[in-house]
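Below: one structure, written as structure tokens.
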2 protein chains.
Amino acid sequence: MKVFITLIFSIICVSAFSQKRDNRIVIGTIDTVYSKILNEKRTLMIHVPQGNKDERYPVLYLLDGEDHFYSAVGIVKQMAGVIPDMIIVGIANTVRDRDLTPTHVKTNNGQDNLSGGGENFTRFIADELFPYVDAHYPTAPYRVLSGHSLGGLTVVNILLNHTKMFNAYIAIEPSLWWDSKKLLKQAQQQLASIDLSKKSLFVAIANNMPPGVDTISVMKDTLNSNTQVTRSVLPFVKALKDAKPKSLRWGYKFYPNERHGTVELNAEYDALRYLFNYYPFRSSQFDEHPKLNVDSVLAAHFKMLSDNFGYTELPPESLVNSLAYHCWELNKPKEAFSLFKRNVDNHPQSANAFDSLGDFYAGTGDKQKAIEAYGRSLSLQETVDTRRKLEELKAKK
Amino acid sequence: MKVFITLIFSIICVSAFSQKRDNRIVIGTIDTVYSKILNEKRTLMIHVPQGNKDERYPVLYLLDGEDHFYSAVGIVKQMAGVIPDMIIVGIANTVRDRDLTPTHVKTNNGQDNLSGGGENFTRFIADELFPYVDAHYPTAPYRVLSGHSLGGLTVVNILLNHTKMFNAYIAIEPSLWWDSKKLLKQAQQQLASIDLSKKSLFVAIANNMPPGVDTISVMKDTLNSNTQVTRSVLPFVKALKDAKPKSLRWGYKFYPNERHGTVELNAEYDALRYLFNYYPFRSSQFDEHPKLNVDSVLAAHFKMLSDNFGYTELPPESLVNSLAYHCWELNKPKEAFSLFKRNVDNHPQSANAFDSLGDFYAGTGDKQKAIEAYGRSLSLQETVDTRRKLEELKAKK
């Protein structure tokens, strides 16, 4: 059966509205996890894509979760098909200056403060948050960490000192000036030697410079506190360029029209596009090059995706289904068949996959196999349409 | 009383979680309006900012609402303070090809179709949707219309032929090729003469061109259906440049790294930044220029905003409150007083505005006026903190 997105949407809307109570547009849930390490309850904002029951998703962890959750969900939903559907876990702050600072630094006036809890916070993520999220949500073993400002500092700290925790890192205007540029210095010394294989990194730099100052002269602008982030991030990017860490895939972007406090949305978007630039599957290539074998191209693409993700990524059932019907319409029954077959092999619990295979057998004159496929579909889920097709087929001589 | 955002967030989270049922993260509601003009029920996705009861907001209307609602909410929430808080009304499609085509065009093979319902759909918006939204939501009289592809075509049609309906227009990759470029031709002929005063327009152009083709040579690429949008939008931008419609404020952007189907999020973001580029109030200017009179600068800024919006826009209570305390801390009591006073004048129903004014009187030794202000605050809302301060003050000799 061909499935139309618009129809599904209408059904969701109508059913949502028919129950007055449930007319809310929901993008996630508030969850909590108790941390023994931090000795406190932590609030999480969690978005899970609406997919098939058996699908699992990469996880995007957001520092300063309460500030970036809504826009991250907006990006991931808008860019479906261009970047992967993802679970998003926004970690809401309790004591931000404690958690997002890797080392302790005294306040200027010598007063004490809580800074330097970053390593504890990192242990919380690794030993308590990861197990909780993996136990309660349909996660795939691919994790992205995104942070801005002190959150970006934390991202760079975890990249350098707890590299294995995440697969990909997004550092937006990281506060690498912290603690006399301690992390920047570590990066400058160690980037060429530490093992960053199969990791990815995106760095975003905003324009915090006063008029007339550029990315070269800003380095002398040492009295301007607005540019202290810039004066620590530019050398970090230079260190990445100099070290040429072969094993790290990394990119950066400078935003001339955004400042430290406005760059986050654009940066998050560009970062996700960069990190998953290998992801999109362009169905239009088959219109441009009609001789391409659809099934082979599809298989090769998802083999490449699986290599990048580090686990097997199956082509989405709906994509394969529509490609199969498309091939069939173009009078390429052999390719259509291998696609219909691929879907029932990959999704043996899908009534619709067997219904579609049944359509193909019925349409190509294999009555017995069509009856079998429709029967299998109905054994998984009773559907008026499939039942009707089965009865009509049986009645035929 | 100073109010801290983080605290408020924590309270929301905790209270949300304490009721298991209400742990959902909600960004809007599904609403419906019955259209006599279209003879059908229409589904709306509606986001209302969480502000004070008496605040009213500009309204962003989205065509293809189901496709762009989540990202638009993400943008507006992320960019709070940079662009205005807005009500967002996503109009979900029923028969898209009917509603978003201003004129009827026969299908290539001569078969009939439903296209050409655009004028009816526009009447629905003006005569049924506007009254419904204005009656049920806290709208201010400033409306933005945003559309992509055929939605963009509809935006340009309403701009040219129903100009007064909206204040600002966002046309993302408008399908101006429709009906042998009928609307493009109208634009080329009439843009210099029609009255577009006080209107704003942003046009987004994606890169749909094959390798080796640029924005000049694409005009000869007449056999490539992928570039037909580009071949109609580029002449539209040229028509705008040539006509120099003085009364229209307009801008455009070309996206070299985005295609027709991926450009929407970036375009919506840039459009809102462009349309409201006069909006941000930079509090940091007072650190850079300590001699500025805060109250005067604030008043001038919101006078300018009001001129742009076409209605009185008051400075947000929370902004004025924090600026007032800031001035007071900087030992500028006269400016602080005028700001505290401005807030109670603008928000006579705000208990917190009177509490803050009470703090100021108490701190500057005017016991009698402090007692009056705290009393007024308590008459609006009983608060433990204010009650305590009032009792302490009364007990003092």
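Note on naming: letters A, B, ... go to the chains in the order of the sequence lines (proteins, then strands), and numbering restarts at 1 for each one. Predicted, not measured: the structure shown is a model, and the values here were computed from it.
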For B:Y61, what residues pass the ring pair (Phe, Tyr, Trp, His ring centres under 6.0 Å) criterion, not counting sequence neighbours? B:F130, B:F166
Name the region of A:E258, side chain, backbone, both or neither, that has any atom closer than 4.5 Å to a heavy atom of chain B. side chain
Taking B:R42 first and then B:D99, would you say they form a salt bridge - that is, a charged N and a carboxylate O separated by under 4.0 Å? yes
Sort A:R273 into side chain, backbone, both or neither according to what part of it lies under 4.5 angstrom from a heavy atom of chain B. side chain
Under 4.5 Å to a heavy atom of chain B? For A:H47 that would be neither
Which bit of A:V26 comes within less than 4.5 Å of chain B, counting heavy atoms only: side chain, backbone, both or neither? both
Could you tell me whether the side chain of A:V89 reaches within less than 4.5 Å of the side chain of A:Y137, counting heavy atoms only? no
Using only heavy-atom distances, determine whether the side chains of B:S146 and B:E268 contain a donor-acceptor pair under 3.5 Å. yes
For B:Q285, does its backbone N or O pair with a side-chain atom of B:H289 as donor and acceptor, under 3.5 Å? no
Under 4.5 Å, counting heavy-atom pairs only, tell me which of B:N257, B:D270, B:N266 racks up the most with chain A. B:N266
